[in-house]
Amino acid sequence: MIRFKLSRFIKFLKENLSFFKVWLGYSQNTIGGRLTIIARTVLFYQITNSASAVAIFSIFSMLPIILLSPIAGWFSDFTSRKKS
């Protein structure tokens with residue numbers, strides 16, 4: 001089992017500044033996306049005042065991801081990554 005050591009991770013980030021910038025941007029994007037989902041859910045509940053409506057809204061919000069992810073995965077596996 002590989003043990004995670006914070007000091008090794010920090011050293012890695014200091015040595016690889018480009019990776020650190022990409023990792024930081026990705027982290028901020030992920031946190032912002034999650035906060036947007038929470039805020040949208042709270043706002044929708046305040047507008048409708050119905051837990052059932054929020055549940056249906058959440059299901060329909062996730063439906064495109066659930067339906068399109070397998071197709072996108074198959075397509076990305078199917079297409080060649082090599083340049084002709």
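Everything numeric in this text was worked out from a predicted model, so none of it was measured.
- Of the options V42, N49, T48, a side chain to side chain contact (heavy atoms under 4.5 Å, CB included) to Q46 is made by V42 and by none of the others.
- With sequence neighbours excluded, the residues forming a side-chain contact (heavy atoms from CB on, under 4.5 Å) with T30 are Y26, R34, listed by chain and number.
- When all heavy atoms of S69 and I65 are compared, the pair lying nearest together is OG-O, 2.6 Å.
- Linking Ile, Leu, Val, Met, Phe, Trp and Tyr residues whenever their side-chain heavy atoms come within less than 4.5 Å places F20 and L6 in a single cluster.
- The same ILVMFWY cluster, assembled from side-chain heavy atoms under 4.5 Å apart, contains both L24 and L17.
- A chain of hydrophobic side-chain contacts below 4.5 Å, direct or via other Ile, Leu, Val, Met, Phe, Trp or Tyr residues, connects W23 to I10.
- Note that the CG atom of L13 and the CZ atom of R8 stand 12.5 Å from one another [nearest 0.5 Å].
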In sequence, state the C-alpha distance, the side-chain angles, and the governing distance for R40 and I37, and then conclude on side chain to side chain contact (heavy atoms under 4.5 Å, CB included). CA-CA 5 Å; R40 189 175 55 189; I37 291 171; 4.0 Å; yes

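- Screening residues 37-73 for ring pair (Phe, Tyr, Trp, His ring centres under 6.0 Å) gives F44-F57 as the qualifying pairs, with residues at least two apart or on separate chains.
- Scored by the ring pair (Phe, Tyr, Trp, His ring centres under 6.0 Å) test, F12 finds F19 as partners (sequence neighbours excluded).
- In the hydrophobic clustering of this structure, I56 groups with L63; members are Ile, Leu, Val, Met, Phe, Trp, Tyr whose side-chain heavy atoms approach within less than 4.5 Å, directly or through other members.
- A donor-acceptor pair is defined here as one N or O able to donate and one able to accept, closer than 3.5 Å; such a pair exists between the side chain of S76 and the backbone of G73.
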